[in-house]
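Note sheet for the following structure.
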There are 2 protein chains.
Amino acid sequence: MKTQSVREQLLEHTLVLIRRRGFNGFSYRDLADLVGVKTSSIHYYFPAKDDLVLEAVKEYSARISERLRSVDSSLSPREQAEGYLNFLRTAACGDQICLAGMLSTETLCLPESVHTELKQFYRMNENWLMGLIERAQSEYGKVYPVTPRALAQVIYGALQNGLIVARLFGAPERLESAADLLMASVSE
Amino acid sequence: MKTQSVREQLLEHTLVLIRRRGFNGFSYRDLADLVGVKTSSIHYYFPAKDDLVLEAVKEYSARISERLRSVDSSLSPREQAEGYLNFLRTAACGDQICLAGMLSTETLCLPESVHTELKQFYRMNENWLMGLIERAQSEYGKVYPVTPRALAQVIYGALQNGLIVARLFGAPERLESAADLLMASVSE
DNA sequence: GTCTATAAGGCGATAGAC
DNA sequence: GTCTATCGCCTTATAGAC
């Protein structure tokens, strides 16, 4: 466990708070107590709550981007999908959903700058899944009832909802219907 | 426009407020101002905010239940699905997502009684879609890469996420990828 | 039923000492 | 950088008059 600066600790706990309770579901006091500072110290690093959430979504997006980028593309689409799903399965066993999935329901309460980041996040994940599907299509000659783009959007949306519903039902296996469709879509 | 009792007006505006901004995103003051009463009057009908949200989700669920029940089951699966989608398309053109889709992200802030209603709501919609898919399977001899139950869960989750993302992107057509998969799944 | 008044505390945010 | 102190407002909720 590496030592973190106060700013890093604030951002880290903000990620957790948002993924658990949403932008409107936590306060500066909650965050300050977790880090062990006073609320006024948060304002030193993040003048307004909008600044905090913007930095949080940028950080979260950067982490997922790095994770996608680090996937070994010499693996088969099936193996790549399995790795992607195992990451989501870990989340489905806890009480945190995707940060973007949470914030996108709070769209009307968030500034344009956050919308921009959230849209980019969705596109990044959909495009990555679409790449897998297209490769399975060209290499295995698979045929789909809808376009690879539409299928990627459906699967990604179902995975997002799967995390939400897994937590609601207290049943991580709720993610598996979407996982099954993804695996079926990229398998030979 | 029928005259509504104060209680009915409160519930009606609560549905809109939750679908726009979520449970943590509106206050008794917001609601009171919309109806034109004082906040203390809300407490007369709904002692606590938890009571208000519970009644709201029950009312919303009853409306969707009635809508599903009233679908003419002599229509083809394709026609039934088209009607279901047109209802969702109307929502996707406004700024309100599904009430259950919104509240399910706020699970950790809501009482057990609301969880129970939300779970029942998800099951109702998934079962209805599964019925369509199973009928298409038996009547048209369609084969799916996953079970009808899993496919119904995937499609319903993708439709829920579709409403959220349609609003985020300001693009109602974002719902169409999930709509396309549903239509492909129930067409001859 | 609806109101006024108020309780008791939480909210984001700022000023200024250290 | 972090603190104390405070501002001004909002929050849910209740008591009691009408």
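The sequence lines fix the lettering, A, B, ..., with proteins before strands; numbering per chain opens at 1.
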Flag the pair B/Arg63 and B/Glu12 as a salt bridge only when some basic side-chain nitrogen lies within less than 4.0 angstrom of an acidic carboxylate oxygen.
->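 A salt bridge is present here (some side-chain N lies under 4.0 Å from a carboxylate O).
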NZ/NE/NH1/NH2 to OD/OE distance under 4.0 Å, A/Glu126 and A/Arg149 =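 No.
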Describe the nucleic acid contact of B/Tyr28 in one word from base, sugar-phosphate, nothing, applying a heavy-atom distance below 4.0 Å.
->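 Sugar-phosphate contact only.
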Please work out if A/Lys49 contacts a base, only the sugar-phosphate, or nothing of the nucleic acid, heavy-atom cut-off 4.0 Å.
->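 A/Lys49: backbone/sugar contact only, no base atoms under 4.0 Å.
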Interatomic distance, B/Ile155 atom CD1 to B/Leu151 atom CG [nearest 0.5 angstrom] =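 Between B/Ile155 CD1 and B/Leu151 CG, I get 4.0 Å after rounding to 0.5 Å.
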OP1 or OP2 of C/dG10 under 4.0 Å from side-chain N/O of A/Ser27 |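 Indeed not, no polar side-chain atom of A/Ser27 lies that close.
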Please check the phosphate of D/dA13 (OP1 and OP2 only) for any side-chain N or O of B/Tyr44 closer than 4.0 Å.
->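 So the side-chain polar atoms of B/Tyr44 never come under 4.0 Å of the phosphate oxygens OP1 or OP2 of D/dA13.
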Take the protein atom [atom1] of [X] and the nucleotide atom [atom2] of [N], then report the distance between them rounded to whole Å.
{"X": "B/Lys38", "N": "D/dG16", "atom1": "NZ", "atom2": "C1'", "answer": "17 Å"}
{"X": "A/Leu17", "N": "C/dG12", "atom1": "CG", "atom2": "P", "answer": "11 Å"}
{"X": "A/Phe23", "N": "C/dC11", "atom1": "CZ", "atom2": "C1'", "answer": "12 Å"}
{"X": "B/Ile42", "N": "D/dT14", "atom1": "CD1", "atom2": "C1'", "answer": "14 Å"}
{"X": "B/Phe46", "N": "D/dT11", "atom1": "CZ", "atom2": "C1'", "answer": "19 Å"}
{"X": "A/Asn24", "N": "D/dT11", "atom1": "CG", "atom2": "C1'", "answer": "13 Å"}
{"X": "A/Gln4", "N": "D/dG1", "atom1": "CD", "atom2": "C1'", "answer": "18 Å"}
{"X": "B/Leu31", "N": "C/dT2", "atom1": "CG", "atom2": "P", "answer": "13 Å"}

Say whether A/Gln80 and A/Tyr84, considering side chains only, have a donor N or O and an acceptor N or O under 3.5 Å apart.
->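 No, no side-chain donor-acceptor pair sits under 3.5 Å.
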Does any N or O in the side chain of B/Asp51 come within less than 3.5 Å of the main-chain N or O of B/Ala48, such that one atom is a donor and the other an acceptor?
->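 Yes, B/Asp51 side chain to B/Ala48 backbone: donor-acceptor pair under 3.5 Å.
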Proximity to the side chain of [X] - top-ranked nucleotide from [options]:
{"X": "B/Ser41", "options": "C/dA13, D/dC3, C/dT2", "value": "C/dT2"}
{"X": "A/Tyr45", "options": "D/dG1, D/dC3, C/dT2", "value": "D/dG1"}
{"X": "A/His43", "options": "D/dC3, C/dG12, C/dC3", "value": "C/dG12"}
{"X": "B/Thr39", "options": "D/dC3, D/dT11, D/dA13", "value": "D/dA13"}
{"X": "B/Arg29", "options": "C/dT2, D/dT11, D/dA13", "value": "D/dT11"}

Residue whose nearest DNA chain C nucleotide is more 5′ - A/Phe26 or B/Gly36 =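 Result of the comparison: B/Gly36.
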Any donor-acceptor N/O pair under 3.5 Å between C/dT4 base and B/Ser40 side chain |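 It does, because a donor-acceptor pair links the side chain of B/Ser40 to the base of C/dT4 below 3.5 Å.
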